[in-house]
Every structure is written in C-alpha cells, then in structure tokens.
Amino acid sequence: MARTLAILLASLTAVLLAAAAGYYRGAQVERGRAALEQQRAIVATFEAAHADAATEAERRAQAVLRDARAAAAAREASLKGRIHALETDRPDCRWPADRRLLVNAAVAIANGHPDAAAGGLPQPLPDAANAQP
C-alpha cells in the first residue's frame, strides 16, 4: 500500500507539474499573440498615417503650384498693363496749354533763363499780397 500511495503521490505531482507547465506555456503563447496583434495594429496605424501624409503632401504641392500659377498670371497681367500704359498715348492725361506754359515758365526761371519765360505766360499772375483768402 505504501508503494501504491507513493505511485499515486508521484502521479499526482506529475499531473500538477504538467498542468502548471501547460498553464505557463499557454500564458506565454497568449502574450505572444497579444504582442503580435498589437504590433500589427501599430504597423497598420503607421501605414495609414504614411498614406495620409503622402496624400496631404500631394495636396499641398498642388495648392502651391496653383498659387504660383495664379501669382505668375497676376504678375504678367500687371506688367502687360504697365507696358500698355507706357506705350499708349493718353490725351486725357495731358496738361492743358495754359498749364503747360506755366510749368515751362517755372522751369525756365528755375534754370536761370527769365527772358525765355517772360513772354510765355498767357495772362499776368495775381498779386499774392492783394489776393483775397
């Protein structure tokens, strides 16, 4: 009977050790599976973020090109307008004859030629001392 009890005790110990080893191994496998799932989720998140970043970079590049084209078109239109203004005679912007004579007289006096300006005025200038405010 002692021998049977020893065999029974040894068998029970072996079963308990096998159960503990199985539990330990199962826990390791589950931790590995959880880590693998977590890694897959992280990789999927990084791939999605990378795709979003690539899409955003392409969108920004297109926006920059669109803005640059618009700025170039605006600059071209402005330059064309300036060139047209320089090339086109604008009679509505000319000074009238009496105004031009006054400016020419003032320039002649400023240049030290009062004789050239003496006969150039169409009418006498008003006296500043007797002028009414």
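Below, all heavy atoms of this structure are taken into account, side chains as well, without hydrogens, waters or symmetry copies. Everything quoted here is computed from the prediction, not taken from an experiment.
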| How many angstroms lie between CG in D52 and NE2 in H50, if you round to the nearest 0.5 Å? | 10.5 Å
| task | Starting at OG1 of T4, measure out to CG of L9 and round the result to the nearest 0.5 Å. | result | 12.0 Å
| Would the number of heavy atoms belonging to other residues, nucleotides or ligands and lying under 6.0 Å from CD of E56 be above 12? | yes
| How far does CE of M1 sit from CZ of R3, to the nearest 0.5 angstrom? | 14.5 Å
| request: Give a yes or no on this: more than 12 heavy atoms of other residues, nucleotides or ligands lie within 6.0 Å of atom CD of Q28. | output: yes
| request: With rounding to the nearest 0.5 Å, note down the distance linking NE2 in H84 to CZ in R82. | output: 15.0 Å
| Taking the side chain from S11 and the backbone from I7, do they hold a donor-acceptor pair closer than 3.5 Å? | yes
| request: Among R60, R59, E58, find the one that has a side-chain hydrogen bond (donor to acceptor under 3.5 Å, both in side chains) with Q62. | output: E58
| task | Give a yes or no on whether a salt bridge exists between E76 and K80, defined as a side-chain N under 4.0 angstrom from a carboxylate O. | result | yes
